[in-house]
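Here is the structure we will look at.
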Amino acid sequence: MAQLWGGRFTKETDELVYRFNASISFDRRLLQQDVEGSIAHVVMLAKQGILTIEEKDQIIRGLTQIREDAACGRLAISEEYEDVHSFVEANLIARIGEAGKKLHTGRSRNDQVALDMRLYVRQEVLDTDGLLKALLQTLLSLMEENLDTYMPGFTHLQKAQPVTLAHHLGAYFEMFKRDRQRMRDIFGRMNFCPLGSGALAGTTYPLDRDYTASLLGFEGPTLNSMDSVSDRDYVIEFLSALSMIMMHLSRFSEEVILWNSNEYRFVEIDDAYSTGSSIMPQKKNPDIAELVRGKTGRVYGALTSLLVTMKGLPLAYNKDMQEDKELTFDAIDTVKSCLVLFDGMLKTMKFHKDVMEKSAMYGFTNATDAADYLVNKGVPFRDAHGIIGRLVLYCLEKGKSIEELSLAELTAISPVFEADLYDAVSLKTCVEKRLTIGAPGQEAMRAVIERHRSYLEEEWNRTDTGEEKKDE
Ligand code: ARG
C-alpha cells in the first residue's frame, strides 16, 4: 500500500482496513476528470504566483502524459493506491520529481473528489440528453408514419376509445421530452465549481476560484466551502431523473411485451432483438423489453440508497459519501444501455396495423360515439348511455360489432337510429372528430408533430443554464 499520510501514525494501516477504505477499484473511472481538475488548479496557482510558470508547465506536461497514457492503456492503474487522486499524484511525482509535490497546494481530496464527481456527472447529463433526443427522433418518425393507424386506447387495460398509434406513441414523446427538460434543470443547478473549498473551510492561499471555475466551464464557484465538499444533491437529482427515465422505459416495455404476446399480436419484435428458448422451439421472447423493465429496480435502488446514505450526515465531508460512486456509475451505465437498446428495438419492430385496427373495431371502442350520435338526435345523454348499453349487450349475444348490425336490428333497440349511424361510429370518424389539441384526430396530431419537429431542431442553448454566461 502507498498512502498520502504517515507523519502522525506510528503503526501501519491494517491490511483489511486499507482494503475496506480504498476506492481505487471504482474511482479509477474519474481519472480523466481528476487530471482535468488538477490542470485547471495549477494554471490558477501559477496565475496567482503560488507556483512558478516553470513548475506549472512541468506539472501540466506530466499530467497530460498521464492522461494520454491512461487513455490508451499504456498506464495501468495500480490498485496499490488508495484512490485515483493518490494514484495520479504519486505517478506525477514519479514522472517529474519535486515539482509534482506542489500539485496539492491549496487543495484537499475533499474538494478534489467533489469536483471530479461533478465533472463526471455533468458530462453524463449531456450524454443522457443526447440519447433521449435520439429516442425522441425515432418516436417522431413512427408518429408521422402512423397518423391513421387505428388502435384501441385502453383504460384499466380494457378497450376504451379508439386512438391512433401516432397518438399512443405521442404520449411517450411527452414523457421523454420532460426527461430531457429535467437534464437541463439539473445541469443549470449543478454547474458550479467546488474546487478551492479545501477540506471544508477554504484555504489560506490567495486562490482565484472564479478563474478555476471558468477554466472548467462552470458558471462560477460554489459559495459555501462546507456545502461544497458535502453536497451530493445534484447526484441525487440526477439519479431521480434517471429513475424517471427508467419508469417511462419500463411502462413502454410493459406495453411492448403485451403487444408482442400471442394474444395481442399488435407488434412483432425483430429477431435481432428477441431471444429463443432452450427447450420450447416455438418461442421468441421479448427479453430486451423485460430486461429494461427489470433493470428499473436497480436504478431506483441507487436513488434510494444515496438518499439514505446522505440523510444522517453531519457537515461537512464524511467518508460515507464515497458510497455515491459505484451506485451512480452503475445507474448511469444501466440507463444509457437501456436507452440505446430500447431505441434499437423500437426502430426494428414491426407494427401489425391490421390487427390493431381489428382490435379497435371489436371492442366497442366506438360506444361513446354511438351514444353521442343519439345525443345529437335529441336523446338526453343519460338515456343514450342506457340505450347503447343494451345495444352492446345485444352485440355480445350475437358476436357482432355495432357497425355489423342491420338497420332493423338497430331500430328494434331504438327508433332514433338511422342509416347515418354507420358512418358516425366508424373508427375513422371516431378518431377524426377528436380535434381538440392533444387529441388523436389527424389534424390535431399534425399540429403537435409540427411543434415537436421544431423542438427537436432547437439546440440546447446553455446560456439559460449557465454554461456560456462567462462569454457575455
Ligand atoms: N475516496 C474519497 C471519496 O470518494 C475521496 C475523498 C477522501 N477524503 C478523505 N478525507 N479521506 O469520497
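Position 1 is the first residue of the sequence, and the numbers go up from there. Atoms within a ligand are numbered from 1 in the order they appear, just like the ligands themselves.
- A cation-pi arrangement is present between K177 and Y455, with the terminal nitrogen or guanidinium carbon under 6.0 Å from the aromatic centre and inside a 45° cone about the axis.
- Applying the ring-ring contact (aromatic ring centres under 6.0 Å, His included) definition to pairs two or more places apart or across chains, those involving residues 284-332 are Y120-F329.
- Within the structure, every pair that satisfies the side chain to side chain donor-acceptor pair (under 3.5 Å) test and touches residues 39-49, not counting sequence neighbours, is listed here: K47-D208.
- Between D34 and R28, no side-chain nitrogen of the basic residue sits less than 4.0 Å from a carboxylate oxygen of the acidic one, so the salt-bridge criterion is not met.
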Ligand 1: which protein N/O atoms lie under 3.5 Å from its N/O atoms?
from: ligand 1; atom 1: 1 (N); to: S23; atom 2: OG; distance (Å): 3.2
from: ligand 1; atom 1: 1 (N); to: Q322; atom 2: OE1; distance (Å): 2.6
from: ligand 1; atom 1: 4 (O); to: K325; atom 2: NZ; distance (Å): 2.5
from: ligand 1; atom 1: 8 (N); to: N110; atom 2: OD1; distance (Å): 2.9
from: ligand 1; atom 1: 10 (N); to: N110; atom 2: OD1; distance (Å): 3.0
from: ligand 1; atom 1: 12 (O); to: Y317; atom 2: OH; distance (Å): 2.5

Going by atom type alone, with no hydrogens or angles, which donor-acceptor pairs under 3.5 Å involve a side-chain atom of residues 123-132 and a protein atom two or more places apart or on another chain?
from: Q123; atom 1: NE2; to: D127; atom 2: OD1; distance (Å): 2.9
from: E124; atom 1: OE1; to: K336; atom 2: NZ; distance (Å): 2.8
from: T128; atom 1: OG1; to: E124; atom 2: O; distance (Å): 2.6
from: D129; atom 1: OD1; to: R180; atom 2: NE; distance (Å): 2.9
from: D129; atom 1: OD2; to: R180; atom 2: NH2; distance (Å): 3.0

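- Using a 4.0 Å cut-off between a side-chain N of Lys or Arg and a carboxylate O of Asp or Glu, R182 and E237 do not qualify as a salt bridge.
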